[in-house]
There are 2 protein chains.
Amino acid sequence: MRLMEQKLAENIKYFRKLQNWTQQDLAKHLQISRSVVAKWESGTSVPDVKTLILLSKTFQVSIDHLVGMNTSRADLLKEFQKMYMSADQRQWDPDMMEIFDYLVKHPRMKEYFLEMIKLPLKKQKVVHRMFQTIIDEMERT
Amino acid sequence: MRLMEQKLAENIKYFRKLQNWTQQDLAKHLQISRSVVAKWESGTSVPDVKTLILLSKTFQVSIDHLVGMNTSRADLLKEFQKMYMSADQRQWDPDMMEIFDYLVKHPRMKEYFLEMIKLPLKKQKVVHRMFQTIIDEMERT
DNA sequence: AATATTTGTTCGTTTTTGGAACTATGGTAA
DNA sequence: TTACCATAGTTCCAAAAACGAACAAATATT
């Protein structure tokens with residue numbers, strides 16, 4: 001993991017110089033001490049996450065790029081799937097897909113489901129239980 | 001900047017659940033103590049940059065996404081629709097997204113929902129009605 | 001209702017950062 | 001060359017933060 005620190009160090013320096021800034025300039029921008037910037041760039045220390053985000057904004061570069069992880073900047077689809085679909089596969093989670101289809105076909109059920117989501121948490125739990133009980137019952141008979 | 005911590009917290013939890021992992025599972029993966037994960041997810045503390053990168057790799061999500069610096073959900077959705085959805089004109093609306101999120105967070109509910117789908121149609125109808133009744137009831141009281 | 005699993009919180013300890021001051025390097029002009 | 005100035009690297013200490021263990025609370029399952 002030493003590599004990552006190295007890249008981050010290099011990149012901070014790189015983007016700083018891209019702006020024609022001295023360490024002092026950057027430090028002022030971030031409202032921190034100059035010596036801290038020096039330490040980042042020499043790999044002696046690492047900015048915390050909050051500051052990293054600030055750096056990303058300051059330089060207008062993605063955080064992934066900043067830390068040298070822009071390899072996985074792959075396709076949108078993959079990101080999207082990871083973002084919104086159930087995990088394991090590269091494909092859509094078949095189960096979710098099934099539910100999706102089902103709800104499209106049963107809009108009323110969908111509406112009521114949405115209603116449930118809006119309920120206070122405790123009531124949601126109650127609904128879950130009841131639902132569970134109902135399904136169990138239905139499967140048994 | 002308080003916002004960022006909140007989003008990061010939510011996202012770590014979200015992606016963890018997407019994998020159907022407990023905090024313990026994630027902790028093991030990262031070779032750290034579970035309580036640390038708990039603290040991240042409750043916003044009590046923040047992972048350092050090294051660990052953040054590890055998380056990004058583990059979940060296969062960009063760091064920017066992880067800290068909530070992503071292009072907005074709506075944008076991503078639009079992009080996705082443009083690229084993959086427009087063909088067969090499926091209705092992919094925000095409500096559906098909400099439901100998906102909800103099911104990710106409540107895997108058990110998802111399972112039971114799937115059970116329902118497998119029931120014979122008549123029973124499904126019955127379940128629908130009961131569900132609606134329950135929701136109506138819950139909303140009234 | 002009782003048990004087991006999962007999550008949240010508190011505490012003391014350890015690690016790490018951040019800042020001040022000092023040192024080192026590089027360029028420029030006399 | 002030497003003196004000077006701006007910039008960058010390093011050391012030390014204080015302060016902040018994360019970490020892990022143990023305990024407490026909440027949630028799910030039977």
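Worth knowing before you read on, the calculation uses all heavy atoms, side chains too, and leaves out hydrogens, waters and symmetry mates. Within every chain, numbering begins at 1; the chains are lettered A, B, ... in the order of the sequence lines, protein sequences first and strands thereafter.
- In the set C:dG19, C:dT17, D:dT29, the nucleotide with an atom closest to the side chain of A:Val36 is C:dG19.
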Does the pair B:Arg140 and B:Glu137 meet the rule for a salt bridge (Lys or Arg N to Asp or Glu O under 4.0 Å), with working shown?
CA-CA 5 Å; B:Arg140 193 136 40 68; B:Glu137 182 63 25; 2.9 Å; yes

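- Residues A:Phe131 and B:Leu121 do not share a hydrophobic cluster, clusters being chains of Ile/Leu/Val/Met/Phe/Trp/Tyr side chains in contact below 4.5 Å.
- Looking at A:Asp48 and A:Thr51, their side chains do bring a donor and an acceptor atom within 3.5 Å of each other.
- Regarding B:Leu55, its CG atom lies at a distance of 14 Å from the C1' atom of D:dA18, rounded to whole Å.
- Distances shorter than 4.0 Å separate some side-chain N or O of B:Lys13 from OP1 or OP2 on C:dG8.
- For C:dG8, the base has a donor-acceptor partner in the side chain of B:Arg34 [N/O atoms by modelled type, under 3.5 angstrom].
- Contact annotation: B:Arg108 side-chain N/O to D:dT29 OP1/OP2 distance is under 4.0 Å.
- If you find the closest nucleotide of DNA chain D to B:Pro47 and to A:Leu121, the one lying nearer the 5' end belongs to B:Pro47.
- Between B:Trp40 and D:dC19 there is a side-chain N or O to OP1 or OP2 distance below 4.0 Å.
- Contact between the side-chain N/O atoms of B:Gln23 and the OP1/OP2 oxygens of C:dG8 is found at a separation under 4.0 Å.
- Using a 4.0 Å heavy-atom criterion, one finds that B:Val46 contacts the sugar-phosphate atoms exclusively.
- Below the 3.5 angstrom threshold, one finds a donor paired with an acceptor across the side chain of A:Ser35 and the base of C:dG19.
- Aromatic ring pairs are classed by plane angle as parallel below 30°, tilted from 30° to 60° and perpendicular above 60°; the pair B:Phe59 and B:Trp21 is tilted.
- Applying the 4.0 Å criterion to OP1 and OP2 of D:dT27, one finds that A:Lys122 has every side-chain N and O outside that range.
- Ranked by how close their nearest DNA chain C nucleotide is to the 5' end, A:Arg129 and B:Gln24 are led by A:Arg129.
- A donor and an acceptor atom never sit less than 3.5 Å apart when one is taken from the side chain of A:Lys39 and the other from the base of D:dG9.
- Distance, A:Gln31 CD to C:dG18 P: 14 Å, rounded to whole Å.
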